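Chain A is the first sequence line, chain B the second, and so forth, proteins listed ahead of strands; every chain is numbered from 1. What you see is a predicted model; the values in this text were computed from it and never measured.
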Protein chains: 2
Amino acid sequence: MPKAKYDEIYLDLKRAVENGTYPYGSLLPSENSLITQYGCSRNTIRRALAGLGEGGYVQPIHGKGVRVIYQPSERASFTVGGIESFHETARRNRLNVVTKVIRFEETVVDAALARESGFLEGEEVYDILRVRYLDGKPLILDHNFFLKSLVPGLTAEIAAGSVYAYIEKKLGMQIVTSKRTITVEHATAEDGELLDLGDYNCLAVVSGQTFNADGLLFEYTQSRHQPDYFSFHDTASRKKKELLT
Amino acid sequence: MPKAKYDEIYLDLKRAVENGTYPYGSLLPSENSLITQYGCSRNTIRRALAGLGEGGYVQPIHGKGVRVIYQPSERASFTVGGIESFHETARRNRLNVVTKVIRFEETVVDAALARESGFLEGEEVYDILRVRYLDGKPLILDHNFFLKSLVPGLTAEIAAGSVYAYIEKKLGMQIVTSKRTITVEHATAEDGELLDLGDYNCLAVVSGQTFNADGLLFEYTQSRHQPDYFSFHDTASRKKKELLT
DNA sequence: GCCGATTTGTCCGTATGTATC
DNA sequence: CGATACATACGGACAAATCGG
């Protein structure tokens, strides 16, 4: 539920772009038009437009207008973009999901994990290993570390459902920033035992940190994906800055 | 050369965060402090801070301050984040680079390529296949399609160097928005012949479109990376919006 | 090539709301 | 409760790029 005016305008324009009201290659109405349409200030319009730009929907052209660069074919596929939980992603793709908890332990961050995760050595964490089944096939191996001080009361039962739902609904903690690194790695023996890799000898690995509304790191996760069910989308834009060499 | 005030402030703060002046976990000076420090308006400061937030350097906390969530270890590795050309990336990682042009043709977009690339069927394009050698090893297979109408005069010689440098310096066209999708695919026979894949039977594939300053699509590229030399970083933040299920 | 209208880009000042402490 | 800090919104001003006459 967006309460901010710029967010409502953003969602409205986004919908209009997605449903083809403003087709690919066309220009949006000028900022002045939008100001009168929505009855707000220029800053508010510009903020909404900035959101569309970040999402790869439009690109502003100085002195000319704001061009739509969104092509409707861009849906489909199993996406891991933005911040969303595994269950959100699965639901969006209409997949039947089962989670099996392989390991659920409480442990202490050692030097190696500290370097990898960003946690401090000696902090107490939950160490959870889970396999995700999509439509019956074991396709994702999730290895999560949650900080006990920020995510207290975790159990194996919760881990079998949605930890994020527990964090946001039960603990009332908001998930705000997520940093991820994507790599491709050799499949380990463990990967081969737990996942249905087919004839792949490697998989897509998403490693990432998650920060709450206080800007505190509370999770480090490594997610290992069977390649067929992995796809990641990204949009980047370059300001003026430096030229190429 | 940043001429915008908010960009200078952004770069200044970014440097300060990177070199530890504002360490991980600490709060930046308040917006009011920064206003007096830099002698500018609140909007300008907020714009600079927004840039830091997008880049994953900081996270604002309502009523409290702006927390630094950048950890210095985050450089390293061969990154493909942001918009930068292959040569930029290689130079940043201090790698010796050689490009070998396998194929350089002029062709016309057919139905299949149109669906995949976003070009219109019938448009004329350059079809370029290149192998990138890093420190002597063939590690990346680039398949580019450049629109002839927007990138005229390409030659195999230019393709052996930096096409982007040609585009920006010679043609004076600016590269602005880039959309990419990352997947992991089985290695093809061609991959095996042209690249040094070791015992990997798959590779990281980056497919993407590039738009110029007019918001026009001028390039579609598929870049196939030997896994050892591929890593992609991303930072995402969630506004308020919807809760998780 | 110039001029003027339109459009986006930058910047400033101010006011009010809301969260934290 | 008051002080501080970030969030939203409005208004105005001028610069810079585009385009048509």
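For H62(A) against dA16(D), a side-chain N or O and a base N or O form a donor-acceptor pair under 3.5 Å.
Listed nucleotides dT10(C), dG9(C), dT8(D) differ in distance to A4(A); the shortest reach to its side chain belongs to dT8(D).
Remark: P of dG9(C) and CG of D7(B) are 14 Å apart, rounded to the nearest angstrom. Following rounding to the nearest Å, E31(B) (CD) and dT14(C) (C1') show an atom-to-atom distance of 15 Å. Per the geometry, CG belonging to N32(A) stands 14 Å off P belonging to dC10(D), to the nearest Å. Going from atom CD1 of I9(A) over to atom P of dT8(D) covers 13 Å, rounded to whole Å. The OH atom of Y38(B) sits 19 Å away from the C1' atom of dC12(C) (whole-angstrom rounding). Rounded to an integer number of Å, the gap from CD1 of I61(B) to C1' of dA19(C) is 11 Å. The interatomic distance linking L28(A) (CG) with dT7(C) (P) rounds to 13 Å, in whole Å. Counting to the nearest Å, the P atom of dT8(D) and the NZ atom of K5(A) are 13 Å from each other.
Note on Y6(B): every side-chain N or O is 4.0 Å or more away from OP1 and OP2 of dC11(C).
Residues Y24(A) and Y70(A) keep their aromatic ring centres 6.0 Å or farther apart. Between F232(B) and F232(A), the gap from one ring centroid to the other is short of 6.0 Å.
Contact check for T210(B) versus L217(B): no side-chain heavy atoms found under the 4.5 Å cut-off.
Contacts between residues 40-50 of chain A and DNA chain D, counted as heavy-atom distances below 4.0 Å, involve C40(A), S41(A), R42(A), N43(A), T44(A), R47(A).
A salt bridge does not link D214(A) with R67(B): every distance from a Lys NZ or Arg NE/NH1/NH2 to an Asp or Glu carboxylate oxygen is 4.0 Å or more.
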message: Assess the residue pair F119(A) and V109(A) against the criterion (side chain to side chain contact (heavy atoms under 4.5 Å, CB included)); give the C-alpha distance rounded to whole Å, side-chain angles, the decisive distance to 0.1 Å, and a yes or no.
response: CA-CA 7 Å; F119(A) 289 134; V109(A) 176; 3.9 Å; yes
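Here the side chain of R42(A) pairs no donor or acceptor atom with the backbone of N32(A) at under 3.5 angstrom. For the pair E123(A) (side chain) and L120(A) (backbone), a donor-acceptor distance under 3.5 Å is present.
Searching all strands for a Watson-Crick or G-U wobble partner of dC1(D) with both distances below 3.5 Å returns nothing.
Y126(B) carries K148(B) over the face of its six-membered ring, with the cationic atom under 6.0 Å from the centre and within 45° of the normal.
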Polar-atom pairs under 3.5 Å, protein N or O versus N or O of nucleotides 19-21 of chain D: list them with distances, or write none.
| from | atom 1 | to | atom 2 | distance (Å) |
| --- | --- | --- | --- | --- |
| dC19(D) | OP1 | K64(A) | NZ | 3.0 |

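Under the side chain to side chain donor-acceptor pair (under 3.5 Å) criterion, S149(A) pairs with no residue, sequence neighbours left out.
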